[in-house]
Amino acid sequence: MANKKIIIGLIGEIASGKGTIYNYLSQKYDVGYHRFSTILRDILDRLHKEINRENMQKLSTILRENFEQDILAKVIAKDVKNDQHKIIIVDGVRRFADIKYLKKIKGFKLVYIIADIEKRYKRVIKRSENSGDKTKTFDDFKKENRQESEIEIGKVGERADIRMDNNNSFEELYKLIEKII
C-alpha cells in the first residue's frame with residue numbers, strides 16, 4: 001500500500017450492507033469515513049428536526065435544487081482529499097453527480113453492494129437507524145426504494161469498478177472486502 005490511498009465509494013440500495021463493510025474495515029484497519037447522509041443529519045440535528053429518511057430526502061432536494069446537483073459530492077470530495085488515512089470509505093453514493101469529483105481522485109474505486117429486498121427490509125427493522133424504522137411495513141420499505149433519492153442507484157451501480165453480492169454470510173462478505181483491500 002506504500003503511500004497510496006485506497007478510496008472505496010460504496011453504492012447500494014437501503015440496507016444493502018454499506019455500513020457493515022465500514023464496520024468490518026474500521027475494526028481491522030485505520031480508516032477514514034465519509035458518509036453523504038452525515039451532512040444531512042448534521043443540518044437536521046442543528047435545525048432540531050427529526051432525523052428520518054423523509055426529512056433527509058427533502059433536505060437533499062432543497063440543497064441540490066438551490067445550490068447545484070453536486071453540492072454534497074463537492075463537500076465529500078474535499079473531505080476525502082483532506083483525509084490522511086490510507087484507506088477511506090465514502091458511504092452512500094447514489095447519483096452520477098456523487099461520483100463526478102470522486103472518480104478524479106487517484107485510488108478511488110466504486111463498489112456496488114447488492115442484496116435482496118426482503119433481506120434489506122429485515123436489516124432496516126433490526127437496526128432501526130432512523131425514527132420510524134422499527135414499525136415500517138414491507139410496503140413502506142418498497143415505496144422508499146422507489147423514491148427520488150434511490151432511483152439512480154442501479155444505473156450508477158452498473159458503472160461500478162466492483163460488484164459485491166451481500167446475500168450470504170458475514171464471512172463471505174468479509175472475504176470479498178479483503179480482496180478489495
Side-chain angles (χ1 to χ4, degrees), residues 7-26 30-85 87-105 108 110-113 115 117 120-157:
I7 304 163
I8 301 170
L10 300 175
I11 184 168
E13 286 78 8
I14 301 166
S16 58
K18 300 176 297 291
T20 301
I21 290 172
Y22 163 70
N23 289 335
Y24 172 78
L25 289 172
S26 69
D30 182 27
V31 300
Y33 184 62
H34 304 278
R35 189 175 184 197
F36 279 85
S37 68
T38 298
I39 300 165
L40 304 173
R41 290 171 192 278
D42 289 348
I43 295 169
L44 289 171
D45 187 50
R46 184 70 184 108
L47 296 173
H48 304 283
K49 294 292 183 185
E50 188 175 7
I51 297 174
N52 59 35
R53 200 165 300 283
E54 180 183 356
N55 284 346
M56 286 191 289
Q57 289 172 343
K58 281 182 193 177
L59 180 57
S60 174
T61 300
I62 289 167
L63 291 171
R64 287 181 294 103
E65 287 178 353
N66 288 284
F67 292 95
E68 54 264 336
Q69 287 297 312
D70 57 4
I71 186 72
L72 298 175
K74 286 179 180 177
V75 172
I76 293 289
K78 196 171 275 191
D79 289 349
V80 167
K81 284 181 183 176
N82 292 330
D83 193 318
Q84 298 303 307
H85 290 91
I87 300 172
I88 301 168
I89 307 301
V90 177
D91 184 347
V93 174
R94 293 187 136 53
R95 298 174 173 84
F96 287 106
D98 293 347
I99 59 173
K100 179 178 177 181
Y101 301 100
L102 292 168
K103 281 258 187 203
K104 296 176 184 175
I105 302 172
F108 178 80
L110 186 62
V111 178
Y112 184 28
I113 302 106
I117 193 165
R120 295 188 298 107
Y121 170 68
K122 289 176 185 172
R123 292 172 186 166
V124 163
I125 300 302
K126 184 177 179 183
R127 75 179 184 199
S128 293
E129 181 180 44
N130 299 313
S131 65
D133 280 352
K134 207 164 213 53
T135 58
K136 190 171 294 188
T137 68
F138 188 54
D139 284 336
D140 292 337
F141 184 70
K142 288 193 287 189
K143 284 179 194 170
E144 283 183 349
N145 279 269
R146 292 188 300 264
Q147 291 179 335
E148 184 270 337
S149 63
E150 307 302 306
I151 55 177
E152 278 189 50
I153 291 174
K155 293 175 191 155
V156 177

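As the structure is a prediction and not an experimental result, all values here were calculated from the model.
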Look up atom [atom1] in [X] and atom [atom2] in [Y], then write down how far apart they are to the nearest 0.5 Å.
X	Y	atom1	atom2	value
Ile153	Asn145	CD1	CG	8.0 Å
Glu54	Glu50	CD	CD	9.0 Å
Ile89	Arg35	CD1	CZ	13.0 Å
Phe96	Gln69	CZ	CD	13.5 Å
Asp30	His85	CG	NE2	4.0 Å
Ile62	Lys58	CD1	NZ	8.0 Å

Quick check against the 3.5 Å criterion: does [X] have a side-chain atom that pairs as donor or acceptor with the backbone of [Y]?
X	Y	result
Ser37	Leu40	no
Asn55	Ile51	no
Glu13	Ala115	no
Asp45	Arg41	no

Could you go through Ser26 and Asn23, starting from their C-alpha distance and side-chain angles, then the distance that decides it, and tell me whether this counts as side-chain hydrogen bond (donor to acceptor under 3.5 Å, both in side chains)?
CA-CA 5 Å; Ser26 69; Asn23 289 335; 4.7 Å; no
Grab the two heavy atoms, one from [X] and one from [Y], that are nearest each other, plus how far apart they are.
X	Y	answer
Lys103	Phe108	CA-CD2, 3.8 Å
Ser60	Leu72	OG-CD1, 4.1 Å
Ala15	Lys18	N-NZ, 4.3 Å
Ala77	Tyr101	CB-CB, 3.6 Å

Given Asp83 and His34, is the side-chain hydrogen bond (donor to acceptor under 3.5 Å, both in side chains) satisfied, shown in steps?
CA-CA 9 Å; Asp83 193 318; His34 304 278; 2.7 Å; yes
Can you check side-chain contact (heavy atoms from CB on, under 4.5 Å) on Ile43 and Leu63, steps first, answer last?
CA-CA 11 Å; Ile43 295 169; Leu63 291 171; 4.1 Å; yes
Before accepting this row, confirm whether a basic side-chain N of the pair Glu68/Arg64 lies closer than 4.0 Å to the acidic partner's carboxylate O.
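The answer is no: the pair does not qualify as a salt bridge.
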Would you sort out whether Val31 and Ile88 count as a side-chain contact (heavy atoms from CB on, under 4.5 Å), showing the intermediate values?
CA-CA 5 Å; Val31 300; Ile88 301 168; over 6 Å; no
Quick one: are [X] and [Y] in side-chain contact, heavy atoms under 4.5 Å?
X	Y	value
Ile7	Val80	yes
Arg146	Ile151	no
Tyr33	Leu25	no
Leu110	Ile99	yes
Asp98	Asp70	no
Val90	Phe36	yes

Parallel, tilted or perpendicular: which fits the ring planes of Phe138 and Tyr121, with parallel below 30° and perpendicular above 60°?
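Because their plane-to-plane angle is over 60°, the rings of Phe138 and Tyr121 count as perpendicular.
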Output, in order, the C-alpha distance, side-chain angles, deciding distance and verdict of salt bridge (charged side-chain N to carboxylate O under 4.0 Å, His left out) for Arg94 and Glu150.
CA-CA 7 Å; Arg94 293 187 136 53; Glu150 307 302 306; 3.0 Å; yes
Decide yes or no on salt bridge (charged side-chain N to carboxylate O under 4.0 Å, His left out) for Arg53 and Glu144, but give the supporting numbers first.
CA-CA 8 Å; Arg53 200 165 300 283; Glu144 283 183 349; 3.5 Å; yes
Can you establish whether the number of heavy atoms outside Lys81 located under 6.0 Å from its atom NZ is more than 12?
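Open: at most 12 neighbouring heavy atoms sit under 6.0 Å from NZ of Lys81.
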